[in-house]
Amino acid sequence: MIEFRGVNKWFGALHVLKDITLSVEPREVVVVCGPSGSGKSTLIRCINGLETIKDGDLVVDGQRLGDRATNMTELRTEIGFVFQAFNLYPHKTALENVTLAPIHVRKIARAEAEASGREMLAKVGLGDKFNAYPSELSGGQQQRVAIARCLCMRPKIMLFDEPTSALDPEMISEVLDVMVGVAEEGMTMMVVTHEMGFARKVAQRVVFMDAGAVVETGTPEEFFSDPKTDRSRAFLSKILRH
Amino acid sequence: MIEFRGVNKWFGALHVLKDITLSVEPREVVVVCGPSGSGKSTLIRCINGLETIKDGDLVVDGQRLGDRATNMTELRTEIGFVFQAFNLYPHKTALENVTLAPIHVRKIARAEAEASGREMLAKVGLGDKFNAYPSELSGGQQQRVAIARCLCMRPKIMLFDEPTSALDPEMISEVLDVMVGVAEEGMTMMVVTHEMGFARKVAQRVVFMDAGAVVETGTPEEFFSDPKTDRSRAFLSKILRH
Amino acid sequence: MIWFQLQSLMGSYPLALRGLGMTIALSGISLVLGTILGFALGVLRTSGSRWLDSAIGLWVDLIRGTPFLVQIFLIFFILPELGIELDAFTAGIIALTNLAACFICEIVAAGIRSVPTGQVEAALASGLSQWQRMRQVVLPQAMRVSLPPLVGQYVLLIKDSSVVSAIGLTDLTRVGWLVVQRVPNGLLVFAIVGIGYFVVCYPLILLARRLERRMSAAHGEVQL
Amino acid sequence: MLENFSFRTIVEYLPLFGQGFAATLWLSIVSFAGALAVGIILCAMNLQRSRLLQLPAKIYIDAIRATPLLAQLYFLYFGLPRLGVVLPELFVGILALALNSGAYIAEIIRAGILSISRGQVEAGIASGMTYAQRMRLVILPQAIRVTIPPLLGQAIVLVKDSALLSLISVAELTRAGQLLASDRFMPAEGFLTTAACYLVLYYGLKSLAVFSARWLGVRPIGSRT
Amino acid sequence: GTLDDITKRGELRVAVQTQGPPFSMVDAAGKRTGSSVELAELMAKEMGVKITFQDYDWDGLIPALLSGKADLLVADMTPTLARAMKVAFTKPFMYTGSAVFAKTDSKFGTMDACKAKGTKIAVLLGATGEKVAKETFPDAEIKSYKGGGPLLLDAVNNGQADCGVNDVSAVKGQQAAYPAGSFTIMPEVLSKEPLAFATRYDEQDLLVWMNLFLDQVALDGRLQKNLDYWVNSEDWKKDHQ
Ligand SMILES: Nc1ncnc2c1ncn2[C@@H]1O[C@H](COP(=O)(O)OP(=O)(O)OP(=O)(O)O)[C@@H](O)[C@H]1O
Ligand SMILES: Nc1ncnc2c1ncn2[C@@H]1O[C@H](COP(=O)(O)OP(=O)(O)OP(=O)(O)O)[C@@H](O)[C@H]1O
Ligand SMILES: [Mg+2]
Ligand SMILES: [Mg+2]
């Protein structure tokens, strides 16, 4: 579904992605973790073309990014992206946030889009917040709207960039619960997160990055119980200690 | 050192602090926790007068807040306050951040203030970052500068409002380590935090708040192993689960 | 014909230089004074006193809402009836300074309001006095936001200074009017006047753009 | 001048002021609409990556901002006829105001657009919207809110600048005052009445801005120190 | 009295309206000159004081006189009765009339042509010409400009107006800046208007003195000399262009 083959990327002189080779199968859930600045966000932002790569191949849903034949705008409709900062449209209600892209991008009739938007919001536990503006919602609620917004496009892939790290501790679990639900329905997912409980529960694979390179990959059991590199061991000890 | 006696506070119609009675002894470390919106921030912001109280008595370091005789500006120099968002002055270097108040408020000679500022920054592990601007520091480093900034005023009391919740997971431990160090030197501390590891390690008491009221207080062992109310039990289960 | 007129215009260049000098003197002095006064008003406006805020707000509204000509007119012709006699240059400076101060006050107040609450609270918590908070923490940060619009406002005020010719000061625009009586090619004359203003204003616009770019570089350019 | 202030004469001239007021009002509205159009086009050009579009917009904006409206008005009114284009003065006046204010408005809108956080833009990109859709659905609606106060400021400037049109024989508010001053030699009466009318327009605009801000759901920023 | 003040001050303060040649203008050297200006200088000389000119633009002129910033107002101004309710005019120092002018090669060469419906006629805002034009050409479209007589010539020359109505001597003086024969000035004089100086009613002594001055210069020929040089011929051009 997603395949990185020797991908490299620079920000000016900074080599942010170093020769990444990695593939994600359909219906697979992959958790990406690693220290700050290691390139996790850059990695998943490349997948829907929010960042462009310098060399190497990146094939998503059978289409090679950067090819002339690849219509990025169309490809993006197949990829849902959930941001750390939610990025809901502040001038639209929850329902409008959720139906905006289906109506204008997918060209679905408004009534139909609203019906499925309502359904999706109800599914993430916000059946009573259709007409609330983002500013009237708690962080956890906003992030759930953001997830519903992606799901309404019925994407083939969902990408999450630290979806819970801007949330209050109490609200983290409500968002994680929704994400677990999505994973269990068989979505292909790549999730940047430090929530190891989530990784243990639904990930088929954990990818550990450091300084722009993939340092270690493995099943959650392997990774948590027996990290192979010093760097991942040090990282895990800091993350899990408190 | 800090004594709340029947303190009440309203924001408009919202009763944020309900009849709070609570006292903190010198050299005691108290951790405050509770769900979002329960009034934790408001509680500790009252102590240094960032919020004013409606009725009840609040006595800090022997002085009653709201009394004409109490000089708030002077009292505040005895109270260090560490914010969730660090609130470093972005236009000043680490060293300037740390020496601003000693020079202008305590009227200490610049050379002397800088010497003790350097010492304090070294103590929080930033001996090589004197001339860095906040934008050049990581979150964890910024928060440590913020703590050093308070310590430079040699306060009698330190207040922390969720000092680690805006940090990357890896950086949390470096800040907690510094806080543990401060606690062990015998500082009177009130800490709003959800880091239960920290509470276990240094707190003499945990205060659980809900909907503006203190619902439960106890030693960390009592509180974590045997929470008395349903509300605190539910809260703990969410916080500790992931 | 054009050549003939240009030649005849050349004779007026001492007059034009004097006009340009007057424009620069008037706007220079009143911009400096207006900036100082405007900052003071801006700080007062955000000092937390509702009374001061609405008093200054009302004054700013009055000045923004009425033609500058009328303000000059009141200062120069009506104040003498209250026993305040001013010469034209002083009256022009006062009127322009007041106008500048009102606009600058709004810009500065907006800058101050844009400084995050947390910054003020941090300063408050470490025991800085109100003046120290302003001086050390708030104003330096407000400046970042205020500087580009401030410089932009200067350009507008320089152009507004032409209204002072109503009270007998011969500024650049007035020179244009005088010359056009003799060389009736308004197009040519006012093109030259326009160039005069351009020479004064354009460096300021460039400066404003530079400041703006430096600030947005710090914030990271938005890609649309 | 004030001790003989004659309200009677003002009343006598009131119909004239009424006409002037109405003229200024509609002149300003039409010019402002034009200025918005000019501003939007200029701003759109200025935001393009292509230098070919960007450069003319930049040069135009700078040239307009650095020169006085009077010179621009002169160019349009007396300059265009030399090139064989004779336009009615009303049209020239509105054109001059729109072209002049448009340059300022372009900068205001640009600032508003650039103030939209990167995350908003990326959210639009990520959900597969085209450039035009992002602009229309995400960026502009949010930018509008930020630009209301500076747009109000510009509208006020435009209303006052429209006084300059009396120079090219467009009868507006300032002219009514000047007539009172030149027919009857009553400058105080003339100019103070004019000022009062402008103040009415100012407060009208201001409440319109407050109203539209509320309509768009912008919360006022509280002051604090 | 005002005359005492002037003597004490040693200075006569004159507000001028720089409407253009021949009455008041700034010449190429930047010096203020013209028929009215020279008369005012003569006045100061007779008073034995020096003269300062205050050059207001149109909006500031009347306020300057009324507020006492200036002692008198020197311009080519018609003393209408309405205006005389506010300021005190001297005796007329000359008579002129409004004339109609048009571009030489246009179809508006005669009065009748100008009377046609929809003719665009340029006048100066608030000037006598404005009123006269409205009476003479009831069907025409009157356009009032602000900013001085030369602007009218410019407007007619550029085709923004078909013809203009202004003080005949002003038109004659101002057309000098154009190539000879650019404009046709029609022989009909629409109205006979006096031109006078103005001062305030609380300056009766100055008013009396100025009237006496005008009588004197009329008698000893100095006024005629001034008018012959500035108004009735184009002699001034060779000295001042
Ligand atoms: N637009 C950019 N221009 C220049 N450098 C950038 C840009 N975006 C990111 N970087 C740099 O690239 C590196 C990797 O950034 P990235 O955001 O991918 O890290 P991350 O692993 O997601 O970190 P975090 O956990 O803090 O989100 C960092 O050093 C960052 O400073
Ligand atoms: N300045 C204010 N004006 C009005 N209401 C306020 C203000 N500050 C806080 N509140 C409200 O008071 C209540 C308590 O706020 P407080 O910030 O003390 O909660 P908290 O326990 O610190 O929550 P969190 O964990 O989210 O920081 C909340 O409902 C909040 O919305
Ligand atoms: Mg990241
Ligand atoms: Mg809080």
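Letters A, B, ... are given to chains in the order of the sequence lines, protein chains preceding strands, and every chain is numbered from 1. Because the structure is a prediction, the values reported are computed rather than measured.
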Whether C/K159 side chain and D/T67 backbone form a donor-acceptor pair below 3.5 Å: yes

Tell me, for [X] versus chain D, whether the close heavy atoms (under 4.5 Å) come from the side chain, the backbone, both or neither.
X: C/D61; answer: both
X: C/S162; answer: neither
X: C/R64; answer: both
X: C/L172; answer: neither
X: C/F77; answer: both
X: C/I63; answer: backbone
X: C/I158; answer: neither

Less than 4.5 Å to any heavy atom of chain C: does that hold for the side chain of [X], its backbone, both, or neither?
X: D/Y198; answer: both
X: D/Y77; answer: neither
X: D/I64; answer: backbone
X: D/Q120; answer: neither

Give, for atom [atom1] of [X] and atom [atom2] of [Y], the distance between the pair rounded to the nearest 0.5 Å.
X: D/L76; Y: C/L187; atom1: CG; atom2: CG; value: 10.0 Å
X: C/L188; Y: D/Y74; atom1: CG; atom2: OH; value: 11.5 Å
X: C/L69; Y: D/Q178; atom1: CG; atom2: CD; value: 8.0 Å
X: C/Y202; Y: D/R65; atom1: OH; atom2: CZ; value: 10.0 Å

Considering all heavy atoms of both residues, which atom of [X] and which atom of [Y] are nearest to each other, and what is their separation?
X: C/P67; Y: D/A195; answer: CD-CA, 3.9 Å
X: D/A71; Y: C/G194; answer: CB-CA, 4.2 Å
X: C/T66; Y: D/K160; answer: O-NZ, 2.8 Å

Note, D/L70 side chain near C/W177 side chain (heavy atom, < 4.5 Å):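 With C-beta onward as the side chain, the pair touches.
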
Beyond-backbone contact of D/Y104 with C/L156, side-chain heavy atoms, under 4.5 angstrom: yes

Plane angle bin for D/F191 and C/F73 - parallel if under 30°, tilted between 30 and 60°, otherwise perpendicular: perpendicular

Most chain C-contacting option - heavy-atom pairs closer than 4.5 Å, from D/A196, D/P187, D/A63: D/P187

Among D/D62, D/L192, D/L201, D/I156, residue most engaged with chain C (heavy-atom pairs, under 4.5 Å): D/D62

